[in-house]
Amino acid sequence: MGIKPVFLFAFANDEANSLRLDAEWREAELALQQAADAGRLVFNLTPMATPEDLWQKFHRFHGAISLFHYGGHSDPNQLYLHEESLKGQSLATLLGLEPNLKLVFLNACKNAGQVADLFAAGVPAVIATSEYIADSMALSLARHFYSGLAQGRTLESAFLAAAAFVNRELQLEVGIHHALPPAISEEQFAWGLYVQQAEVLQWQIPHATPPKSQSDAKGDLNVHNHGEVKKQINLKDNQGNIEINL
């Protein structure tokens, strides 16, 4: 299967803890758990992310990061991380250095203005928002998007299906934009998928490599060596995330 794709999740709340970010990351982890257990991806979580945390994670997983997800507060120019903000240009620089990156998902308010910097850095696709968003809708979109990816949908199909569910009562126009953010009308869904490399729309989570039969080396033996199964567990504490390999 080659390099196992890393899904890097970072969250940061405000002092009032006004967003249901704990629920968002738990829903995303639950949706991706089976794929992670099967060895199809690595789920990595930083629940109270600082700029230093992100720098460390991008160093640690350099070359393997396929998806970066942010949940919290934002605006057209920056993400509001724990203790301090991170400029969109700085984030774009980090993300642009990842050769296997497929998607950046900014699940926060009014951040479509950051798409230009992300595109300039070479990011293939971005899910971003054009206006203030409801916390409940952000949670629902993330849950259904990652469930779709885990079930084998392409990036495009997972986004459209999740948006259709969240948008089922509003019936707003859902946009896949092959250029920088356009002027958004009131009839358009707040989340848009911005793409500068069309082929990334068909990207899927890789399937696990099937175990090799020992019969190839042992003659008539029909025994399958499944090897050691490792599961990454992320525990939340006041310092960020702890990972335990079992």
Side-chain angles (χ1 to χ4, degrees), residues 5-25 28-29 42-133 135 138-139 141-142 145-146 180-181 190-196 234 236-243:
V6 172
F7 281 31
L8 192 60
F9 286 76
F11 296 90
N13 221 332
D14 55 22
E15 293 182 357
N17 294 312
S18 62
L19 302 177
R20 297 170 57 201
L21 300 182
D22 286 3
E24 184 175 336
W25 71 254
E29 185 177 33
V42 172
F43 180 99
N44 186 270
L45 170 69
T46 305
M48 294 186 294
T50 66
E52 179 65 26
D53 290 333
L54 293 191
W55 254 260
Q56 292 299 327
K57 291 295 179 74
F58 276 92
H59 287 314
R60 177 182 174 187
F61 295 111
H62 175 61
I65 298 171
S66 292
L67 184 147
F68 173 72
H69 177 108
Y70 172 74
H73 295 286
S74 66
D75 64 31
N77 301 306
Q78 58 199 331
L79 305 181
Y80 292 96
L81 300 183
H82 184 62
E83 297 179 345
E84 63 179 297
S85 61
L86 178 64
K87 296 293 185 183
Q89 289 181 336
S90 296
L91 177 66
T93 299
L94 273 178
L95 293 165
L97 295 172
E98 293 302 319
N100 292 302
L101 183 69
K102 306 302 180 186
L103 176 69
V104 173
F105 189 162
L106 300 180
N107 204 19
C109 293
K110 298 190 71 172
N111 48 47
Q114 298 185 37
V115 174
D117 286 331
L118 292 166
F119 274 12
V123 174
V126 183
I127 296 175
T129 61
S130 57
E131 59 185 62
Y132 293 105
I133 58 176
D135 194 29
L139 173 61
L141 186 74
F145 175 73
Y146 290 112
L180 294 179
W191 287 264
L193 174 55
Y194 301 90
V195 182
Q196 68 171 339
N234 297 283
K236 180 183 176 185
D237 66 8
N238 290 332
Q239 301 302 319
N241 82 313
I242 302 172
E243 294 159 7

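In what follows, every heavy atom counts, from backbone to side chain, and hydrogens, waters and symmetry copies are set aside.
- Taking the side chain as every heavy atom from C-beta outward, Leu103 and Pro124 never approach each other to under 4.5 Å.
- Side chains of Glu24 and Leu19 form no contact here, defined as non-hydrogen atoms less than 4.5 Å apart.
- Aromatic ring centres of Phe11 and His69 lie closer together than 6.0 Å.
- Between Leu106 and Leu118 the shortest side-chain heavy-atom distance falls below 4.5 Å.
- Here CG of Leu45 is found 7.0 Å from NZ of Lys57. Values are rounded to the nearest 0.5 Å.
- Between Ser66 and Glu98 the shortest side-chain heavy-atom distance does not fall below 4.5 Å.
- Distance check, rounded to the nearest 0.5 Å: CG of Leu86 to CG of Leu94 gives 7.0 Å.
- Asn107 contributes no side-chain N or O that, together with a main-chain N or O of Gly71, makes up a donor-acceptor pair within less than 3.5 Å.
- Of the options Leu54, Thr46, Asp53, a side chain to side chain contact (heavy atoms under 4.5 Å, CB included) to Thr50 is made by Asp53 and by none of the others.
- Each of Phe7, Phe9, Phe61, Phe58 was scored for a ring pair (Phe, Tyr, Trp, His ring centres under 6.0 Å) with Phe68, with one residue passing: Phe58.
- Residues passing the ring-ring contact (aromatic ring centres under 6.0 Å, His included) test with Phe119, sequence neighbours excluded: none.
- Residues in residues 85-96 take part in these side-chain hydrogen bond (donor to acceptor under 3.5 Å, both in side chains) pairs, two or more places apart or across chains: Gln78-Ser85.
- The closest side-chain heavy-atom distance from Leu101 to Val123 is below 4.5 Å.
- For Phe145, the ring-ring contact (aromatic ring centres under 6.0 Å, His included) partners two or more places apart in sequence, or in a different chain, are Phe105.
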